[in-house]
Amino acid sequence: MTKVFLLILDGLSDKPSDELAGQTPLEAAYTPHLDTLAAQGINGLLDPIGPGIPLRSETSHFILFGYPLEDFPGRALCEARYSADLTFNDGDVLCSTNFASVIREEDYFKVVEREIKLNEEEMIDLSKEIAEYEEGHISIQYTYIGQTSKVNRGYGIIKVSGEEVSDQITDSDPFYNNMPVIEIEPIEKNMEMEKARITSRALNSYLRWVYGKLSEHSINLKRKSRGLAPVNFLLTLWASRRTPIEPFHDRYGMKAISIIGDHPVLNGLARELGMDDEEFHCLKKKEEIEKHYRTLFEKLNEYLEAYDFIHINARDPDLAAHTKSPTRKKEVLEAIDNALEVLIEKIIPHQELLVTITGDHGAPSVGDLLHCGESVPILMVGKRILTDGVKQFNERAAVHGGLGRIFGKDYMNIVLNFTERINMYGLRLTPRISPTCPGKMKRLTCRV
Ligand SMILES: [Zn+2]
């Protein structure tokens, strides 16, 4: 059966900039290989959830993999899945945290630095001081996982356990400096208000206790004597609790792997969906990026021996956009495009393969936004797919593509259709009505 290769160019779409004479980085980039694939396939624009709404990578990937956003397991849970040091039970509530520096202002805490990082040894020392806390029937455990995160902040996970816990609570992290730390409260109109109240109360007490413990820690006393900001608080966000999710393989009958560039939360998500996962580091120089992706694409034939669905997340365009340099993003896209020569010459001719290249969200290299709600271009190339006359891969050209404008939730259905796995709508082949039923139909036995 036709296999699937999905390449996500993270943060692909962008805004036009003066620096690139009114073009987006993807438009301005010289991308002969992406253009060849656009010409060989069908094109369009994709809104991960809806026009104008910027998503984070993990939620966008979840939707692209065909799951409803209401079932998203939560970012903290994905981060926890990434860390080998952390174990948790299904009912536990997990919160992402980062070390912060706060000052007391009248009767509240004001955030001075939202994310503050010391060396690993000091981080671990501080972590030990705040690792265990109990309030009533609730126990709170803090695990520092900064050393395994391989990304830019010393983050950790708070695990809240007990019968009376709920993830229906607000963040304490205001997300910007010079703002007050937010009191954790139950989310309005949730279905477990009392549990949410108990969890909020316990977490608020814990955070006050953390402030006291860390403020008096010798590391902070030393920092104070040297005029440095104390590392005296934990800011919490993205409370999560596991909900049952149908594994990707059971849902689609495809054995899948996610190969992720410096984006641990996506590794965690893949694990939660029962996909295999690998990771790699994003590189800085254009030549290094090209070389790395060449090597990775060379390995696709090997991956295709073992898997039916291969997903690569290339974080590089998103990271380039965050430097707010349209030229840098253009160069990164050109480097990846150069490497796509391997896909076109060495992989596609030898495989029965559906190739999709798209993005998970927009990431503007100009302006103030971190992610933006511009639609991302999408191309799909494979056997018996109608081409549409689009000859370039970019935001402007994709407007004229045969896929039109699709939502993230449509993507897997289109994949199932193009790979001839889709069921005709309305058939009831299994108790859970599904767009495909990979070997799950129950046979009627001859004997009672
Ligand atoms: Zn980003």
Side-chain angles (χ1 to χ4, degrees), residues 6-17 19 24-26 29 45-65 69 72 74-76 78-79 82 96 98 114-115 117 146 149-155 171 173 175-177 235 237-238 258-270 277 279-284 289 292-293 311-333 335-336 357-378 394-395 408:
L6 167 63
L7 173 62
I8 301 273
L9 301 171
D10 202 303
L12 178 62
S13 58
D14 209 316
K15 295 170 185 285
S17 70
E19 188 175 313
T24 68
L26 182 59
L45 285 170
L46 180 143
D47 292 303
I49 186 150
I53 305 172
L55 289 187
R56 300 183 69 98
S57 289
E58 62 278 13
T59 40
S60 179
H61 276 75
F62 189 68
I63 295 170
L64 282 170
F65 291 150
L69 197 52
F72 181 65
R75 186 180 165 103
C78 295
E79 288 180 344
Y82 179 75
S96 299
N98 40 280
R114 253 193 88 232
E115 294 178 356
K117 199 170 178 186
S149 79
K150 299 188 182 79
V151 281
N152 55 2
R153 68 190 166 106
Y155 76 87
D171 302 333
D173 184 350
F175 220 74
Y176 293 97
N177 290 338
L235 292 172
L237 66 180
W238 297 313
S258 259
I259 304 160
I260 312 286
D262 279 339
H263 220 159
V265 67
L266 293 184
N267 292 84
L269 176 64
D277 71 296
E279 59 186 325
F280 62 86
H281 285 306
C282 294
L283 300 162
K284 289 252 155 55
I289 294 172
H292 171 261
Y293 282 99
H311 156 246
I312 294 180
N313 179 264
R315 180 93 193 269
D316 315 66
D318 182 65
L319 296 174
H322 292 324
T323 68
K324 293 293 171 191
S325 165
T327 304
R328 166 80 187 152
K329 189 169 176 186
K330 166 183 164 286
E331 287 174 358
V332 163
L333 290 166
I336 297 173
I357 302 180
T358 187
D360 52 351
H361 55 77
S365 53
V366 286
D368 294 332
L369 293 177
L370 204 60
H371 289 177
C372 58
E374 270 75 0
S375 319
V376 284
I378 176 168
N394 61 51
E395 298 90 333

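Treat the numbers as computed from the prediction; the structure is a model and nothing was measured. We count ligands from 1, going down the list as the structure has it; atoms in each ligand are counted the same way. Residue indices begin at 1 and follow the sequence shown.
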Query - Where at least one partner belongs to residues 54-63, residue pairs that pass salt bridge (Lys or Arg N to Asp or Glu O under 4.0 Å), sequence neighbours excluded - result: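 Of all non-adjacent pairs touching residues 54-63, those that pass salt bridge (Lys or Arg N to Asp or Glu O under 4.0 Å) are R56-E58, E58-R75.
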Query raised in the report: When rounded to the nearest 0.5 angstrom, what distance separates CD1 in I260 from CG in L266?
Result: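 Going from CD1 on I260 over to CG on L266, the span is 4.5 Å.
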Query raised in the report: Is the backbone of L12 close enough, under 3.5 Å, to the side chain of D318 for a donor and an acceptor to pair up by distance?
Result: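 Absent.
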Query raised in the report: Within D318, is some N, O or S atom less than 2.8 Å away from the Zn ion (ligand 1)?
Result: yes
Report task. If a pair satisfies salt bridge (Lys or Arg N to Asp or Glu O under 4.0 Å) and one of its residues is in residues 364-376, list it, with sequence neighbours excluded. Result -> K15-E374
Report task. Output yes if H361 passes the N/O/S-under-2.8 Å test against the Zn ion (ligand 1); output no otherwise. Result -> no
Query raised in the report: What's the atom name of the N, O or S in H322 nearest to the Zn ion (ligand 1)?
Result: NE2
